[in-house]
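The structure appears below as structure tokens.
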Amino acid sequence: MTAIAGAAVAGLQIVTVDEVPRHGRIAALVVGLDQRQVWYVPVVHEQEACLQLKDVLNRFKGFFEAARPSKIGFNQKADYLALAAHGIQLQGIDWDLLVAAYLLNSGVRSPSLEALASDVMHRTIEGREALFGTGKTAMTCDQVEIARAAAFFGERMRVTLELQPLLQAQLVRLGNAELFRDLEMPLVPVLAEIEMAGVAVDLPYLQQVSRELYDQLRRLDQEIEDVAHGPINVNSPQQLARFLFEDLNLPGGRKTKSGYSTDATVLEGLREQHPVVGKILEYRQLSKLKGTYVDALPLLVDSRTHRVHTSFNQTVAATGRLSSSDPNLQNIPIRTEVGQKVRRAFIPGRTGDLLLSADYSQIELRVLAHMTDDPVLVDAFARGEDIHARTAAEVFGIPQPEVTANQRRLAKVVNFGLFYGLSDFGLARDTGMSTEEARVFIDAYFRAYSRVREFLEGIKIQAREQGYVETVLHRRRYIQDIRSPNRMLRQAAERIAINMPVQGSAADIMKLAMIRLQRYLQEQHLESRMILTVHDELVFEVPPAERDHLIEVVPDQMATAYPLTVPVQVDLKLGPNWQDMERVRLVAAKA
DNA sequence: AGGATCACGCACG
DNA sequence: AACGTACGTGATCCTC
């Protein structure tokens with residue numbers, strides 16, 4: 001114990017029985033100082049005598065809660081969560097191999113330690129399946145012999161310790177050591193805290209919505225089956241295609257691998273041809289919302305906290321964004337009326353508290369302005385203009401007051417499409433203009449915004465010559481197929497290359513803001529909690545007494561997290577749930 | 001029979 | 001089929 005406490009760095013893993021570290025069902029601790037000194041401390045093994053968890057945690061508490069030794073691990077958010085369940089705040093989370101591996105190659109979705117050992121050290125180690133088995137017969141950690149578990153986790157710890165300096169050297173070589181140390185690693189406990197905070201949902205309300213949707217769905221299903229003269233599963237694209245394109249003889253359009261497509265755009269095109277099509281579209285929409293959100297969310301409410309605790313994944317998205325799963329709280333509906341009903345279910349956990357939502361306004365276009373230094377784009381943001389109206393004015397060569405609503409709409413589609421590597425074909429599909437008109441429109445856009453065109457061309461060249469592209473903080477994404485002789489593959493690679501620096505830089509900025517704000521809330525001993533992050537939006541749960549304080553600090557910290565050459569603007573909304581929110585304040589940080 | 005995986009469709013930024 | 005995600009359902013393949 002003395003040797004451990006006195007070390008500068010130590011490997012650490014908290015082994016849990018189940019896959020939800022937040023539950024804190026700790027099976028064992030693994031601690032390692034070097035290849036020769038690795039300890040496996042079992043606390044829950046069914047067949048054998050173990051140490052008492054309480055005693056073990058007490059012995060190690062000082063080690064956990066001290067910034068030194070620095071802890072090395074693999075997926076340290078899980079360690080933090082498992083210990084937090086026992087009231088221990090893990091400190092010194094300095095070196096997570098999972099996070100490092102992600103920075104080194106964000107294209108590999110959540111690399112395993114096995115894969116790292118193989119790729120970096122050319123060494124084969126046992127995977128979890130070898131010890132626990134797979135599928136229904138899989139054992140949990142507590143069902144395995146201590147000796148076998150100790151050998152398995154001990155080897156992983158030795159590999160972890162051996163890999164760490166190798167990965168560190170690679171981070172330095174790539175120029176990513178600072179991004180790792182100052183952004184991604186500090187973010188680890190921030191995400192864990194957000195997950196632990198969770199978000200409250202209004203269960204009785206959701207139940208009521210579920211009943212309403214059930215009735216509507218039954219009615220629609222009946223009406224559809226009346227037309228079909230028999231039972232049909234509207235959820236089955238196969239059955240639906242047979243019904244529409246064989247029984248009703250409607251004109252089939254696009255094909256999928258297994259037949260005619262029945263997706264929403266196809267059905268929209270058939271709406272006028274038969275009244276049943278509208279009913280199918282409505283059925284689809286309601287069924288999606290009911291199944292994915294209204295009925296699924298209540299099942300994920302934690303019985304102890306009465307809240308939903310998502311997982312924020314830091315090592316999945318190739319652009320540097322975070323993702324959310326179990327449940328995904330980053331795709332809660334907002335666009336349709338029924339969707340908004342779902343959003344109303346997200347509420348503060350305590351009566352009287354409020355939800356505060358702060359979102360970056362046009363962050364990607366501002367990042368684009370910053371990266372390109374395009375004089376027109378920079379000027380528009382500097383003046384605080386309506387960016388889509390300005391774009392329309394530039395493209396059509398008319399004064400801004402004369403821009404029609406339709407012209408603005410077209411400009412908006414282009415402004416969004418830019419980040420996706422817009423094609424004339426795509427623009428035509430989204431706007432209803434001809435491909436030829438779309439081509440002319442895009443040409444006019446790039447004449448007005450020549451620096452944007454040069455920038456996008458430059459990205460493609462960089463991807464081709466270096467094999468990767470990067471964000472403002474030098475986060476990399478390697479681009480496959482960028483030199484492919486296959487035109488389709490190559491163009492797809494070019495679109496990926498164009499998208500990443502902008503989407504990824506926006507993610508960099510958001511991550512910086514999250515770290516600052518979490519630090520601030522903690523230092524000021526505020527009760528307000530950061531509870532969600534949705535790419536360009538942060539949501540907080542706020543007691544009324546702290547309302548004015550947060551309204552001041554949140555947008556300010558977000559807007560100044562990473563100063564751009566254009567102002568960064570943050571919109572602030574406040575309300576009793578995630579839907580019914582009112583604009584409070586609009587903050588723009590000076591460039 | 002039941003699990004794993006693919007195909008499709010679609011929710012968000 | 002313009003970038004990035006997550007996930008539910010049905011259909012189909014695979015294993016016990």
Side-chain angles (χ1 to χ4, degrees), chain A residues 106-107 109-110 134-138 232-241 253-267 280-281 283-297 299-300 310-313 315-336 338-340 342-343 359-364 413-414 416-431 438 442 456 459 469 477 479 488 491-504 506-507 510 532-537 578:
Chain A
S106 60
R109 294 167 67 100
S110 281
T134 53
K136 223 168 72 172
T137 56
I232 174 171
N233 187 344
V234 187
N235 290 319
S236 163
Q238 212 177 81
Q239 292 183 36
L240 204 56
R254 256 170 336 99
K255 301 268 278 192
T256 65
K257 281 177 190 172
S258 50
Y260 285 111
S261 167
T262 65
D263 73 14
T265 52
V266 171
L267 295 188
I280 292 169
L281 277 163
Y283 181 96
R284 275 255 179 88
Q285 193 206 355
L286 300 186
S287 163
K288 171 87 179 177
L289 294 175
K290 184 170 186 285
T292 310
Y293 307 102
V294 180
D295 292 347
L297 279 171
L299 302 176
L300 292 155
T310 183
S311 288
F312 282 107
N313 314 306
T315 59
V316 172
T319 54
R321 273 188 175 184
L322 298 168
S323 76
S324 157
S325 59
D326 311 297
N328 180 1
L329 294 184
Q330 294 185 323
N331 71 344
I332 300 302
I334 193 169
R335 290 169 192 172
T336 66
V338 206
Q340 293 173 5
V342 175
R343 206 160 257 252
D359 68 277
Y360 284 114
S361 158
Q362 312 279 11
I363 187 66
E364 293 190 335
V413 174
V414 173
F416 281 121
L418 277 179
F419 315 118
Y420 307 149
L422 184 87
S423 68
D424 48 11
F425 183 80
L427 180 62
R429 185 165 57 76
D430 274 15
T431 59
I442 293 170
L456 297 181
I459 293 281
V469 293
R477 178 174 186 178
I479 307 296
M488 289 268 282
Q491 287 180 341
E494 287 173 356
R495 291 193 297 269
I496 291 167
I498 283 169
N499 179 258
M500 188 273 176
V502 180
Q503 189 180 113
M510 177 56 101
L532 286 174
T533 166
V534 193
H535 309 310
D536 63 357
E537 175 187 17
W578 203 8

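Letters A, B, ... mirror the listed sequences (proteins, then strands); counts begin at 1.
Across every strand in view, C:dC13 sits in a pair with B:dG3 that passes the Watson-Crick or G-U test at under 3.5 angstrom. B:dA11: Watson-Crick or G-U partner is C:dT5, with both key distances under 3.5 Å.
A donor-acceptor pair under 3.5 Å links the side-chain atoms of A:Tyr293 to the main chain of A:Asn331, judged by distance alone. Side chain of A:Arg477 to main chain of A:Ser106: no donor-acceptor pair is present (N/O by atom type, distance under 3.5 Å, no hydrogens or angles).
The side chain of A:Tyr420 approaches B:dG13 more closely than any other nucleotide in the set C:dA6, B:dG13, B:dC8. Residue A:Asn331 has its side chain nearest to B:dC12 when only B:dG13, B:dC12, C:dG4 are considered. Checking C:dA1, B:dC12, C:dC3 against every side-chain atom of A:Arg335, the shortest atom distance belongs to B:dC12. Among C:dG4, B:dG9, B:dC12, the nucleotide with an atom closest to any side-chain atom of A:Ile334 is B:dC12. Comparing atom distances between the A:Gln503 side chain and each of C:dC3, C:dG8, C:dA11 picks out C:dC3 as nearest. When each of C:dA6, B:dG13, C:dT9 is scored by its nearest atom to the side-chain atoms of A:Asn313, the top-ranked nucleotide is C:dA6. Residue A:Pro333 places its side chain closer to B:dC12 than to any other of C:dG4, C:dC7, B:dC12. Nearest to the side-chain atoms of A:Asn499 among the listed nucleotides C:dT12, C:dC3, B:dA7 stands C:dC3. Nearest nucleotide to the A:Ser236 side chain, out of C:dA11, C:dC7, B:dC8: C:dA11. Among B:dA11, C:dA1, C:dG4, the nucleotide with an atom closest to any side-chain atom of A:His535 is C:dG4.
As judged by a 4.0 angstrom heavy-atom cut-off over every strand, A:Ala506 is placed among residues making no nucleic acid contact. At a threshold of 4.0 angstrom between heavy atoms, the contacts of A:Val502 with the nucleic acid are absent. Within 4.0 Å of A:Gln239, counting heavy atoms only, lie sugar-phosphate atoms of the nucleic acid but no base atom. Within 4.0 Å of A:Phe425, counting heavy atoms only, lie sugar-phosphate atoms of the nucleic acid but no base atom. Counting any heavy atom pair closer than 4.0 Å across all strands shown, A:Thr265 reaches no nucleic acid atom. Within the nucleic acid shown, A:Ile332 comes within 4.0 Å of sugar-phosphate atoms alone, with no base atom in reach, counting heavy atoms only. Using a 4.0 Å heavy-atom distance criterion, A:Ser287 is classed as making no nucleic acid contact. No engagement by A:Ala492 is indicated, since no non-hydrogen atom pair under 4.0 Å with the nucleic acid exists.
Atom OH of A:Tyr283 is separated from atom P of C:dT9 by 10 Å (rounded to the nearest Å). Between the CD1 atom of A:Ile496 and the C1' atom of C:dT5 there is a distance of 14 Å, rounded to whole Å. Regarding A:Tyr360, its OH atom lies at a distance of 19 Å from the C1' atom of B:dC12, rounded to whole Å. If you take CZ of A:Arg321 and P of B:dC12, they are 14 Å apart, rounded to a whole angstrom. In this structure, A:Leu322 places its CG atom 12 Å from C1' of B:dG13, rounding to the nearest Å. Rounded to whole Å, atom P of C:dC7 lies 6 Å from atom CG of A:Asn328. Computed from coordinates, the A:Leu289 CG to B:dC12 P distance equals 8 Å when rounded to whole Å. Rounding to whole angstrom units, CH2 of residue A:Trp578 and C1' of B:dG13 are separated by 11 Å.
Residue A:Arg343 has no polar side-chain atom (N or O) positioned under 4.0 Å from OP1 or OP2 of B:dC12. In terms of phosphate contacts, A:Ser324 brings no side-chain nitrogen or oxygen within less than 4.0 Å of OP1 or OP2 of C:dT5. Not one side-chain nitrogen or oxygen of A:Thr292 sits closer than 4.0 Å to the OP1 or OP2 atom of C:dA6. Listed pair A:Lys257 / B:dA7 meets the phosphate criterion, a side-chain N or O lying under 4.0 Å from OP1 or OP2. The phosphate of B:dC10 has OP1 or OP2 within less than 4.0 Å of a side-chain N or O from A:Arg284. Taking side-chain N and O atoms only, A:Thr256 has a distance below 4.0 Å to OP1 or OP2 of B:dC8.
A:Arg429 and A:Thr265 share no donor-acceptor pair across their side chains, judged by distance under 3.5 Å alone. Checked by atom type, the side-chain pair A:Asn499/A:Thr319 shows no donor-acceptor distance below 3.5 Å.
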- Item | side chain to side chain contact (heavy atoms under 4.5 Å, CB included) between A:Ser287 and A:Asn235, intermediate numbers included | CA-CA 8 Å; A:Ser287 163; A:Asn235 290 319; 3.2 Å; yes
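Between A:Gly291 and A:Ala296 the shortest heavy-atom distance is O-CB, 3.6 Å. The heavy-atom pair separating A:Pro333 from A:Leu289 by the smallest distance is CG-CD2, 3.3 Å.
Comparing A:Ala296 and A:Met488 by the nucleotide of DNA chain C that holds the closest heavy atom to each, the one mapping nearer the 5' end is A:Met488. Mapped onto DNA chain C by nearest heavy atom, A:Leu300 and A:Arg254 fall at different nucleotides, with A:Arg254 at the one closer to the 5' end.
The structure places CE of A:Met510 at 8.0 Å from CG of A:Asp359, a figure rounded to the nearest 0.5 Å.
Distance check on atom P: B:dC8 versus C:dA1 gives 13 Å, rounded to whole Å.
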